[in-house]
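When reading the values below, keep in mind they use all heavy atoms of this one structure, side chains included, and skip hydrogens, waters and symmetry mates.
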Amino acid sequence: SEEVLMSWLLLVGDARRARVFEVKRPDEDASRPRFELQELDDLTEPEAGLLGHELFSNTKGRNRANEGMAVHGYDDHRGGHREEQHARFARRISSNVLQRIRELDARRLMVVAPARTLGHLRAELISKLPDKVSVDELEEDLSWHPSPRLRDELTQRGLLPELARA
């Protein structure tokens, strides 16, 4: 079918890592007729892996006040910083994937990511895709799986077709 022959991309990511694969049809004489994943890019966001105390100074707590004055707690906006960091990484991923789509003239994109990352990718990538590109989404974190296991997981879920022998 034409869908089998067209170029596909697979994006598997989370807040710290995004991997981009080309989904390749096997050679006609392959003993096991399965799609293969050829990794094109492995993007990381080093800051996302840092623990709070590594990323922020220890300022959360209370303001000092002179004797007899009220003391107030304050918020140093750590949550907002993390969200902006996730959005910035999603923009980096988007730029990379859009470039790969142009290079390969890809017609299909599969996006596999946990809910928060998928939300950022919908805003930064999926909303900007050319009309000719169809999208499948899977809300799950598979970003650290090796390629063969990733292929098997996606085949079992029906996102990668098994090729029947002619």
Side-chain angles (χ1 to χ4, degrees), residues 1-27 30 32-56 77-163:
S1 80
E2 188 175 316
E3 182 174 285
V4 170
L5 299 175
M6 70 183 173
S7 183
W8 294 2
L9 287 179
L10 167 65
L11 167 61
V12 182
D14 63 16
R16 298 187 316 179
R17 183 180 190 193
R19 295 160 67 205
V20 181
F21 298 87
E22 183 178 6
V23 181
K24 298 189 75 83
R25 184 184 172 85
D27 295 330
R32 300 179 72 201
R34 307 172 72 161
F35 282 89
E36 295 299 324
L37 302 179
Q38 179 183 342
E39 190 161 347
L40 303 175
D41 304 292
D42 189 344
L43 308 171
T44 57
E45 176 56 59
E47 214 179 79
L50 297 178
L51 301 173
H53 70 275
E54 296 170 316
L55 189 58
F56 302 101
H77 308 289
R78 292 177 194 200
H81 178 81
R82 288 236 188 254
E83 282 304 305
E84 176 50 36
Q85 182 182 56
H86 291 326
R88 202 169 41 242
F89 188 44
R91 284 191 291 275
R92 241 180 82 208
I93 295 166
S94 174
S95 174
N96 176 281
V97 171
L98 289 169
Q99 178 182 332
R100 290 294 189 181
I101 285 172
R102 284 189 298 272
E103 287 172 7
L104 299 169
D105 193 28
R107 299 300 170 105
R108 184 173 177 192
L109 173 66
M110 288 181 278
V111 181
V112 181
R116 172 176 276 166
T117 303
L118 203 50
H120 285 291
L121 290 171
R122 282 185 188 122
E124 299 295 339
L125 171 61
I126 295 170
S127 66
K128 298 173 183 170
L129 289 172
D131 291 339
K132 68 179 182 182
V133 179
S134 65
V135 180
D136 291 303
E137 296 178 3
L138 175 63
E139 187 180 306
E140 192 158 339
D141 186 0
L142 301 177
S143 61
W144 299 93
H145 285 335
S147 300
R149 178 154 176 223
L150 188 57
R151 184 198 56 223
D152 292 346
E153 289 275 342
L154 295 174
T155 301
Q156 287 171 9
R157 297 167 199 276
L159 288 172
L160 284 179
E162 285 281 7
L163 295 177

*In Å, rounded to the nearest 0.5 Å, how long is the span from CG of L43 to CD1 of I93?*
6.5 Å
*Hey, are R100 and E22 close enough for a salt bridge, meaning a charged N less than 4.0 Å from a carboxylate O?*
no
*Interatomic spacing from CG in L98 to CD in E103 - rounded to 0.5 Å*: 11.5 Å
*L159 side, atom CG; L154 side, atom CG - distance, nearest 0.5 Å*: 5.5 Å
*asked:* Between E140 and R157, is the side chain to side chain contact (heavy atoms under 4.5 Å, CB included) condition met? List the steps.
replied: CA-CA 12 Å; E140 192 158 339; R157 297 167 199 276; 3.0 Å; yes
*Who pairs with D141 by side chain to side chain contact (heavy atoms under 4.5 Å, CB included), at least two apart in sequence or on another chain?*
D14, P114, S143, W144
*Report the distance from atom OG of S7 to atom CG of L104, rounding to the nearest 0.5 Å.*
4.5 Å
*asked:* Between S147 and L37 (side chain of the first, backbone of the second, donor and acceptor by atom type, cut-off under 3.5 Å), is there such a pair?
replied: no
_Minimum heavy-atom separation for P130 and I101, please, with both atom names._
CG-CG2, 4.5 Å
_Quick check: closest heavy atoms across A123 and S127, and the distance to 0.1 Å?_
O-OG, 2.8 Å
*Sequence neighbours excluded, which residues qualify as salt bridge (charged side-chain N to carboxylate O under 4.0 Å, His left out) partners of R149?*
E153
*Hey, can you tell me if F35 and W8 have their rings parallel, tilted or perpendicular (30° and 60° cut-offs)?*
parallel
*Close side-chain approach of L40 to N96, heavy-atom, < 4.5 Å*: no
_side chain to side chain contact (heavy atoms under 4.5 Å, CB included) between V20 and L10, worked out_ = CA-CA 6 Å; V20 181; L10 167 65; over 6 Å; no
*Within a strict 4.5 Å, meaning less than it, do heavy atoms of the L150 and F21 side chains meet?*
yes
*asked:* Would you compute the distance between atom NE2 of H86 and atom NE2 of H120 and round it to the nearest 0.5 angstrom?
replied: 6.0 Å
_Atom pair CZ (R19) and CG (D41), whose distance is rounded to the nearest 0.5 Å_ = 11.5 Å
*Salt-bridge test for R92 and E124: reply yes if a basic N is under 4.0 Å from a carboxylate O, no otherwise.*
no
*Determine, for R17 against E45, whether the closest basic-nitrogen to carboxylate-oxygen distance falls under 4.0 angstrom.*
no
*Does the pair R108 and D136 meet the rule for a side chain to side chain contact (heavy atoms under 4.5 Å, CB included), with working shown?*
CA-CA 8 Å; R108 184 173 177 192; D136 291 303; 2.6 Å; yes
*asked:* Between V111 and L138, does the side chain to side chain contact (heavy atoms under 4.5 Å, CB included) criterion hold? Intermediate values first, please.
replied: CA-CA 6 Å; V111 181; L138 175 63; over 6 Å; no
*Say whether, by atom type as modelled, one donor and one acceptor occur between the side chain of S95 and the main chain of R91 under 3.5 angstrom.*
no
*Where the side chain of S94 meets the backbone of A90, is there a donor-acceptor pair that is under 3.5 Å apart?*
no
